[in-house]
Amino acid sequence: MTAPKLFPLAVGLFAAGVLAIIAVFVLFATGHGDLPVWLNVAATYLPAIGLALGIIAVIRKSRQKKS
């Protein structure tokens with residue numbers, strides 16, 4: 001997967017993870033204690049995966065310009 005295709009995927013995953021984090025905080029603030037596992041997993045891993053893919057995409061893009 002090339003850098004231009006990888007970056008939108010990274011942004012999308014990161015944004016979905018941030019939305020999951022916001023959902024967890026809102027649900028917790030409204031008194032819901034037993035949140036679904038998929039929501040906790042999404043809030044935990046999606047931002048990290050998106051950030052890692054974004055860093056990889058930026059590094060790959062910068063290396064393509066130099067060579």
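The list of side chain to side chain donor-acceptor pair (under 3.5 Å) pairs with a residue in residues 10-25, not counting sequence neighbours, is empty. Applying the side chain to side chain donor-acceptor pair (under 3.5 Å) test to residues at least two apart or on different chains, the pairs with a partner in residues 10-33 are Thr30-His32.
Chaining together hydrophobic side chains whose heavy atoms lie under 4.5 Å apart places Ile21 alongside Phe25.
Contact between Gly17 and Leu46 at its shortest, heavy atoms only, is CA-CB, 3.6 Å. Here the closest non-hydrogen pair linking Ala42 and Pro47 is O-CD, 3.5 Å. When all heavy atoms are compared, the tightest approach of Leu6 to Ile56 is CD2-CG2, 3.9 Å. Contact record, Ala10 with Gly50: CB-O, 3.4 Å, taken as the closest heavy-atom pair.
Expressed to the nearest 0.5 Å, how far CG of Leu39 lies from CG of Leu19 amounts to 10.5 Å. With values rounded to the nearest 0.5 angstrom, Phe7 atom CZ is found 10.5 Å from Ile55 atom CD1.
Between Leu53 and Phe14, the closest side-chain pair of non-hydrogen atoms is not below 4.5 Å.
Under the side-chain contact (heavy atoms from CB on, under 4.5 Å) rule, Leu13 has a single partner from Leu51, Val18, Ile49, which is Ile49.
Both Val37 and Tyr45 are part of a single hydrophobic cluster, where members link through side-chain heavy atoms under 4.5 Å apart.
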